[in-house]
Amino acid sequence: MSSRRVGDLALFMPGMGWLAVFFVVPLIMIFVVSLGSRDAYGGVVLDRLSFDNYLRALAPAFLPTALNSVKYATATTILAILVSYPIAYWISRYGGRHKVLLLVLVMLPFWTSWVIRTYAWMIILRDNGVINGILGGLGLTSEPIMLLNTDLAVILGMTYGFLPFAILPLYVAIDRVDEAVVAAARDLYSSGRGAFLHVTLPLTMPGVIAAAILTFIPAIGDFVTPDLLGGAQTITIAKVIQTLFLTDKNWAYGAALGFMLMVVTVVVTVGTLRVLRREVIG
Amino acid sequence: MSRPRRDGAPDMEGALARYLIERRMSRRQVLGRMATLGAAAAVGSVAAACTTGATAEPEPSGASAAPSGSPAPTPQPTPESELYVYNYADYIGEDTIPSFEEKYGIKVTYDFFDTYETMTAKIATGDSGYDVTFATGVDVPGFLARELVQPLDLSQIPNVVNLAPEWQDPAYDPGNQHSMPYMWWTTGYGYDTEKIPEELTSWAALWDSRWKGKMAMLDDYRETFAVALIRLGYSINTTSDSELDEALALLQEQKPLLRKYTADDIGDLSSGDVWLCHAWGADVSQAATERESLAYVIPEEGGIRGSDAMVLLANAPHPIAAHLFINYMLDAEVSAANTNYIYYMGPNEAAKAYIDPAILEDPTLNPDKAAIDKLQEILDLGPDLEKYQTRWTTLRAGA
């Protein structure tokens, strides 16, 4: 018994060691830096630690930016799940022997640099881009519609980017649903829609929650997409943090803002999870 | 390149450059490849085309500008067989590096930095592994104070005689003891004369609501604040809080009219997404190679100028090869070949004999002395920079 426990512990240690070195230590470093201040050349000074940076970060000036980030991340999450669910469902139910191939196709875009794929969206969305070219060519519009550098472009780009993060957990959840359970619902005179709403959907809810978390967290921290596809009015909190680090060279302030974003994300995620677990899973 | 993000943040360019750094291709190559894709086919083939293109290294060309016109360095220690150079993308002639390699038998590793900040962050460690990089002139004293650069051995750089007199003794580095001037530039704005058929002359055009959604300012806080400060009649290097607050208010008034704060003035002007763009003069010329209706304006209220200088990093592993390289870059024909390709004017007087007359005669690329004297230079303000940075964050983050 006890030797078994030692064995378990041994299996457990490499993972914990990895987490400690590459996750906990950097986290502590971020926290310590966030208590410091900036020297003349943008170095970090730790001689007088204080929570000043956190107080500054609470300034109302950041509220619109923070709301922007939440807006993009929420819209992206909802859209990604709405688009992914049917795809995952289709692959699971009708993929047959091509399931693996179809899943590989979902992952395929990852083989190309994220930046290049975002640039492709720029080519599609810009004033003289593909969409405006088609609309103008068909005589549907006389002037190009501004698509690039708008909220729409940011949400579109992020949804596209995070789609695989939603498809994969949804696929796993849907694939695990025993078709016999659905068949039983049909035998008991449930309509197709009823069987989906009362059987499949609740059973796949853990997948939906996983997809939501896997999309929302990277989406709220994404600064590349809003930067490339967004415009003057679409700045996000992640971009502000990046600016604080690179342009302002104020690592302490940036670290404080980053730490706060992390705490808020964790609290919101854990809170949502608990509510959902109670409501959905019971 | 899309001009030095002096301290400005980048990211369109930045992000792309990160890709370019991995792949060692210049932005021009990527965008050129992308541009050649048919619109309808673009969706499907962009990814593929770029992956294929990525394998194409900048090809060494046989038709290299043979360096000449100046004495070879006095013979000295054998140069190392390698050299590491760190520069912006699109900021050197096409054949400069291959012909240097051929001439001296030195293998050059030529990397791009995505933003000026990345470069300064990397060299700040003191062991970046690079020998030569390109610093904004006014930053040279700061680099020197932080011991990031080392003195040059001018006896190894005989081509220094090619420099125009005012560049032999620049204010930021008297006697060029620690840096060699590379290129200089002006900042004004570019506009599409087809879309805006009137003659623009003032910075006020960037506040004109008729062009709402068709304008961009540079994503560079010093440059963008400079525009507001010039409009208000203040020094672009002011450290007065009240003057900077006024400038911030002016920029906040402008923000709703802007399509974006751009890190890619070349791309935005050439694609037509933006009709009026705060931009570096040479960048407008680069964009004009794709969209001929673009014009560059150094506004009547005065514009901004600055320069880049080559520096030898403190722990450069190949200092002798680095001196050879710096000397080579000052060669009249090499310098001219760089200018002819990137449209930036250099400080090289002897090069003027080889520079495309169209560039020399273009007052926006090569303004005369009187015009230059009206321009202000962005200076390193040390700790006071924070006054600009906090206001910039307020501007960008605000509603």
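All chains are named by letter (A, B, ...) in the order of the sequence lines, taking the proteins before the strands, and each is independently numbered beginning at 1.
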Sub-6.0 Å ring centroid separation between B:Phe112 and B:Tyr88 =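 So the answer is no for these two rings.
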
Parallel, tilted or perpendicular: rings of B:Phe143 and B:Tyr116 (30°, 60°) =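 B:Tyr116 vs B:Phe143 ring planes: parallel.
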
Which word best sums up how the rings of A:Tyr54 and A:Phe259 line up, parallel for under 30°, tilted for 30 to 60°, or perpendicular for over 60°?
->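 Perpendicular, since the angle between the ring planes exceeds 60°.
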
Using a cut-off of under 4.5 Å on heavy-atom pairs, state which of B:Glu386, B:Arg146, B:Lys214 scores highest against chain A.
->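 Most pairs with chain A among the choices: B:Arg146.
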
Say whether A:Asp222 and A:Tyr72, considering side chains only, have a donor N or O and an acceptor N or O under 3.5 Å apart.
->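 No donor-acceptor contact under 3.5 Å links the two side chains.
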
Which atoms of B:Ser271 approach chain A - backbone, side chain, both or neither, heavy atom under 4.5 Å =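 Contact with chain A: backbone and side chain both.
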
Is chain A contacted by the side chain of B:Ala145, its backbone, both, or neither, given a heavy-atom distance below 4.5 Å?
->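 Just the side chain, heavy atoms under 4.5 Å.
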
Checking A:Asn250 against chain B: side chain, backbone, both or neither under 4.5 Å from a heavy atom?
->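 Side chain only.
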
Between A:Leu244 and chain B, which part of the residue has a heavy atom less than 4.5 Å away: side chain, backbone, both or neither?
->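 The answer is the side chain of A:Leu244.
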
What residues form a side chain to side chain contact (heavy atoms under 4.5 Å, CB included) with A:Thr74, not counting sequence neighbours?
->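 Testing A:Thr74 for side chain to side chain contact (heavy atoms under 4.5 Å, CB included), a comparison that skips the adjacent residues, returns A:Val70, A:Ile78, A:Phe216.
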
